[in-house]
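Just so it is clear: chains get the letters A, B, ... in the order the sequence lines come, proteins before strands, and each one is counted from 1.
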Amino acid sequence: MSKKNKKQKVKPQVLKGFRDYVPSEQLAREAMLAKIRDSFELMGFLPLQTASLEFAETLLGSHYNEDSLNELFGFKGPDDVDMALRYEFTVSLARFVASNPTLPLPFRRYQYGNVWRVDKPGPGRYREFMQFDIDIVGTQNLLADSEIIAGMVSTMQNLDVKNFKVRFSNRKILNGLMEYASISPEKSSDVMRVVDKLDKQGRDAVILELGAGRIDVSGDKIKGVELENSQISKMEEFLDIASVKDTDALNNVEKLLGSIEISQTGIDELRTILINLENMDVDKSCREIDLTIVRGLGYYTGPVLETTLLDLPEYGSVFSGGRYDNLVDRFLGRSIPAVGSSIGVDRLLAALIALDALKMKRATSQVLVTVMDKERLPDYLKLLRELRAAGIASEIFSGDTKNLTKQIKYGDKVGIPFAVIAGSDEFENGMVTVKNMQAGKEKAKETSDREEWLKAEDIQETIKVDTLIAYIKEKTSA
RNA sequence: GCUGAUGUAGCUCAGUUGGUUAGAGCGCCUGGUUGUGGACCAGGAGGUCGUUGGUUCAAUUCCAUCCAUCAGUACCA
């Protein structure tokens with residue numbers, strides 16, 4: 001058949017939107033998770049872990065139909081059950097709360113893990129990705145909303161993210177706006193969706209989409225919401241004042257919508273939150289009221305929250321949420337109010353890597369113990385054991401070669417900062433040689449002569465065996 | 001989903017106005033150097049030219065199709 005007898009091979013490919021995390025990325029990711037966890041536990045949040053798979057009906061609720069089944073990783077599982085991978089944690093949290101009636105409320109919990117969505121992948125956007133949520137369930141007290149916002153700011157700060165802003169608004173103001181512009185309930189979610197694009201597409205595009213629609217730069221037609229001109233001009237009145245921030249924005253919107261009860265409630269709530277944030281001493285430069293914030297999700301009922309990186313706005317919101325007072329209804333038939341927010345861990349990680357804002361560690365080992373003389377293996381293992389007992393992460397060269405060149409090359413490639421070398425020269429005198437790989441790397445830049453480089457003195461030192469641990473500790477702490 | 005662009009080695013790309021053995025740089029492997037990384041030197045592995053079909057004496061090259069990737073856009077519970 002074919003010219004060569006080729007072995008049947010499986011292509012080593014990953015699914016669209018899925019990915020591997022190489023060790024250096026995973027180390028950064030786990031360091032990030034640890035910081036987030038610390039931030040939330042400092043605020044008294046408790047960990048919860050729920051099942052990755054849920055009944056399709058649990059996840060989708062009233063959306064449980066054919067269309068929505070295509071939008072998630074759903075399938076017929078064992079025992080003939082319709083099930084799906086979770087696409088967020090909030091519904092699972094509601095399910096958990098509904099099935100644990102003795103749970104002390106308010107329940108402050110955090111949860112992190114993978115979620116799965118059938119979305120088109122983009123920069124920092126995957127089909128399997130990690131989210132890290134905080135929520136407070138069982139209270140309408142705006143202190144909860146304020147705590148969530150404060151937690152968002154402090155978490156971003158603990159992650160050493162420099163240039164970010166938590167922006168928030170209130171769905172109640174928008175609900176009143178729908179009333180003001182006489183927009184029917186059927187159209188209001190479409191209108192919200194369009195207004196949500198203001199940031200990305202700009203005011204002109206939004207106005208067009210509220211009316212007859214527009215044609216985008218690629219020539220693609222975008223359907224409009226088909227509002228009346230009178231409705232659109234009322235929306236414009238709002239958009240004009242929405243570009244102003246904080247107290248001024250609230251005062252302006254109060255003039256426009258204050259006569260509508262639900263909007264006034266929303267305005268008052270935001271004022272309360274502002275006062276709380278002030279008393280909590282949350283850095284003003286890290287948060288602001290922005291009345292253009294909408295959030296696509298339909299289940300939000302009150303404050304809505306978003307966090308953007310000012311240096312990378314194209315990554316979208318990296319930490320967002322809001323108040324959802326009706327989600328538990330699905331399971332209980334009565335309301336349990338809740339508010340929460342969620343970090344897109346992988347999106348944020350991708351953004352921070354793109355900003356070069358993370359220290360990327362490559363190795364966990366500080367020391368590589370090389371093996372030159374097989375007869376001396378017990379001595380090498382003793383060194384290794386002592387290093388580890390002293391809390392110094394170490395590994396012995398576990399490859400197949402005795403060739404020292406290759407062992408050192410391995411240490412260089414994987415990024416281990418120190419190599420311990422010992423042969424008969426050292427053992428007979430109770431000594432050991434420690435090579436500083438980083439110093440060697442710098443020296444290599446200065447010299448092109450091999451002999452000179454190998455003889456360079458400050459790259460490695462031969463010291464007494466019993467001073468090895470103190471030596472490494474001193475070098476690594478500096 | 002829609003619009004457009006692009007698919008040649010692990011990566012970045014060149015190339016063929018259709019013609020027999022498809023190239024470069026980087027990376028990788030081996031040796032120089034089983035007591036030392038980088039640089040250097042010598043050698044080596046690696047390609048169904050994205051898929052399938054069509055036109056042709058002949059297709060990696062032309063045409064169609066599908067698939068994939070990228071960008072924009074839509075949807076996003």
Side-chain angles (χ1 to χ4, degrees), chain A residues 1-4 6 9 11-13 15-17 54 56 58-65 67-74 84 86-88 90-91 115-123 125 127 189-190 193-194 196-197 200-201 205 209 213-224 295-300 314 316 324 327 330 368 370-374 397 400-417 419-426 433-456 459-460 462:
Chain A
M1 284 165 66
S2 57
K3 302 164 203 166
K4 289 179 190 171
K6 282 218 164 174
K9 284 184 292 189
K11 258 194 195 169
Q13 55 188 349
L15 292 163
K16 184 207 289 203
E54 297 269 8
T58 300
L59 292 175
L60 293 168
S62 60
H63 295 89
Y64 188 16
N65 61 41
D67 279 355
S68 40
L69 273 172
N70 294 331
E71 288 167 4
L72 46 66
F73 288 95
R86 64 188 178 204
Y87 51 78
E88 55 156 45
T90 314
V91 172
V115 299
W116 296 264
R117 294 185 191 179
V118 186
D119 281 340
K120 185 183 139 179
R125 188 164 183 161
R127 287 182 161 188
S189 65
D190 287 336
R193 202 193 65 233
V194 171
D196 195 31
K197 297 184 193 178
K200 208 176 168 191
Q201 301 299 337
E209 279 193 52
R214 66 188 176 95
I215 295 176
D216 78 10
V217 282
S218 70
D220 194 16
K221 263 186 243 165
I222 293 167
K223 212 170 59 192
R295 303 294 302 146
L297 265 70
Y299 60 55
Y300 289 121
E314 68 268 30
Y324 49 100
L327 198 57
R330 184 182 300 178
L368 173 69
T370 60
V371 178
M372 270 168 50
D373 182 354
K374 245 201 302 192
F397 182 78
D400 291 321
T401 184
K402 283 192 305 183
N403 185 329
L404 186 60
T405 303
K406 289 188 182 166
Q407 299 190 39
I408 298 293
K409 270 189 181 178
Y410 164 82
D412 182 42
K413 278 183 190 168
V414 302
I416 300 174
V420 165
I421 300 166
S424 52
D425 293 355
E426 285 86 356
T433 297
V434 181
K435 188 179 187 70
N436 184 329
M437 303 293 282
Q438 185 55 38
K441 187 150 271 175
E442 278 154 29
K443 189 80 185 177
K445 289 177 196 157
E446 297 165 20
T447 177
S448 59
D449 182 76
R450 182 174 176 79
E451 295 305 315
E452 187 188 324
W453 182 49
L454 291 180
K455 283 178 192 154
I459 292 177
Q460 62 183 50
T462 300

Touch check for [X], heavy atoms < 4.0 angstrom, all strands: base, sugar-phosphate only, or nothing?
X: A:Lys409; answer: sugar-phosphate
X: A:Ser424; answer: base
X: A:Asp196; answer: nothing
X: A:Lys441; answer: base
X: A:Arg127; answer: nothing
X: A:Glu209; answer: sugar-phosphate
X: A:Glu88; answer: nothing
X: A:Lys16; answer: sugar-phosphate

Measuring from the side chain of [X] (C-beta onward, heavy atoms only), which nucleotide among [options] has the closest atom?
X: A:Thr433; options: B:rG37, B:rU36, B:rC76; answer: B:rU36
X: A:Ile459; options: B:rU73, B:rC76, B:rG37; answer: B:rG37
X: A:Glu426; options: B:rA77, B:rG38, B:rG35; answer: B:rG35
X: A:Ile421; options: B:rG35, B:rC29, B:rC76; answer: B:rG35

*Does A:Lys402 pair with A:Asp373 as a salt bridge, N-O distance under 4.0 Å?*
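Looking at A:Asp373 together with A:Lys402, the answer is no, because their closest N to O distance does not fall below 4.0 Å.
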*Sidechain N-carboxylate O distance under 4.0 Å for A:Asp196, A:Arg295*: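 Result for this pair is no, no salt bridge flagged.
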Which atom of [X] lies closest to which atom of [Y], heavy atoms considered:
X: A:Thr405; Y: A:Asn403; answer: N-OD1, 2.8 Å
X: A:Asp119; Y: A:Arg127; answer: O-NE, 2.8 Å
X: A:Ala419; Y: A:Met437; answer: CB-SD, 4.2 Å

*Hey, which sits more toward the 5' end of RNA chain B by its nearest nucleotide, A:Lys406 or A:Gly440?*
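Nearest-nucleotide comparison on RNA chain B picks A:Lys406.
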*Given Watson-Crick or G-U pairs with both distances under 3.5 Å, what dot-bracket string fits RNA chain B, with | for other-strand pairs and [ ] for crossing?*
(((((((..((((.....[...)))).(((((.......))))).....(.(((..]....))).))))))))....
Phosphate-side-chain proximity, [X] and [N], N/O vs OP1/OP2 below 4.0 Å:
X: A:Lys413; N: B:rC29; value: yes
X: A:Lys402; N: B:rU36; value: no
X: A:Lys197; N: B:rA74; value: yes
X: A:Gln201; N: B:rU73; value: yes

Integer-rounded Å distance: [N] [atom2] and [X] [atom1]:
X: A:Ile408; N: B:rG38; atom1: CD1; atom2: P; answer: 11 Å
X: A:Met437; N: B:rG38; atom1: CE; atom2: P; answer: 9 Å
X: A:Leu60; N: B:rA77; atom1: CG; atom2: C1'; answer: 7 Å
X: A:Asn403; N: B:rU34; atom1: CG; atom2: C1'; answer: 5 Å
X: A:Arg125; N: B:rU73; atom1: CZ; atom2: P; answer: 12 Å
X: A:Lys374; N: B:rG35; atom1: NZ; atom2: P; answer: 14 Å
X: A:Met372; N: B:rU33; atom1: CE; atom2: P; answer: 17 Å
X: A:Lys120; N: B:rU69; atom1: NZ; atom2: C1'; answer: 11 Å

Taking the same atom, [atom1], in [N] and in [M], what whole-Å distance lies between them?
N: B:rC28; M: B:rG7; atom1: P; answer: 27 Å
N: B:rG38; M: B:rC29; atom1: P; answer: 10 Å
N: B:rG53; M: B:rA59; atom1: C1'; answer: 13 Å
N: B:rC41; M: B:rU16; atom1: C1'; answer: 34 Å
N: B:rA58; M: B:rG19; atom1: P; answer: 14 Å
N: B:rG23; M: B:rG31; atom1: P; answer: 28 Å
N: B:rU20; M: B:rU60; atom1: C1'; answer: 14 Å
N: B:rC66; M: B:rG4; atom1: P; answer: 14 Å

Side chain of [X], backbone of [Y]: donor and acceptor closer than 3.5 Å?
X: A:Arg330; Y: A:Leu59; value: yes
X: A:Glu209; Y: A:Lys223; value: no
X: A:Arg86; Y: A:Trp116; value: no
X: A:Glu426; Y: A:Gly423; value: yes

*Any luck finding a side-chain donor-acceptor pair between A:Gln460 and A:Thr433 under 3.5 Å?*
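No pair is found: no donor N or O on one side chain lies under 3.5 Å from an acceptor on the other.
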*Mark yes or no for a side-chain to base donor-acceptor pair under 3.5 Å between A:Arg295 and B:rC76, with no hydrogen or angle criteria applied.*
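Looking at the base of B:rC76, it does not pair with any donor or acceptor on the side chain of A:Arg295 (distance under 3.5 Å).
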*If you take atom types as modelled and just measure distance, does the side chain of A:Lys435 reach the base of B:rG37 with a donor-acceptor pair under 3.5 Å?*
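In this structure, the two groups form a donor-acceptor pair.
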_Stacking between A:Tyr87 and B:rA77, defined as ring centres under 5.5 angstrom apart with planes under 30°, is that present or not?_
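It does: the two rings, one from A:Tyr87 and one from B:rA77, meet the stacking criterion.
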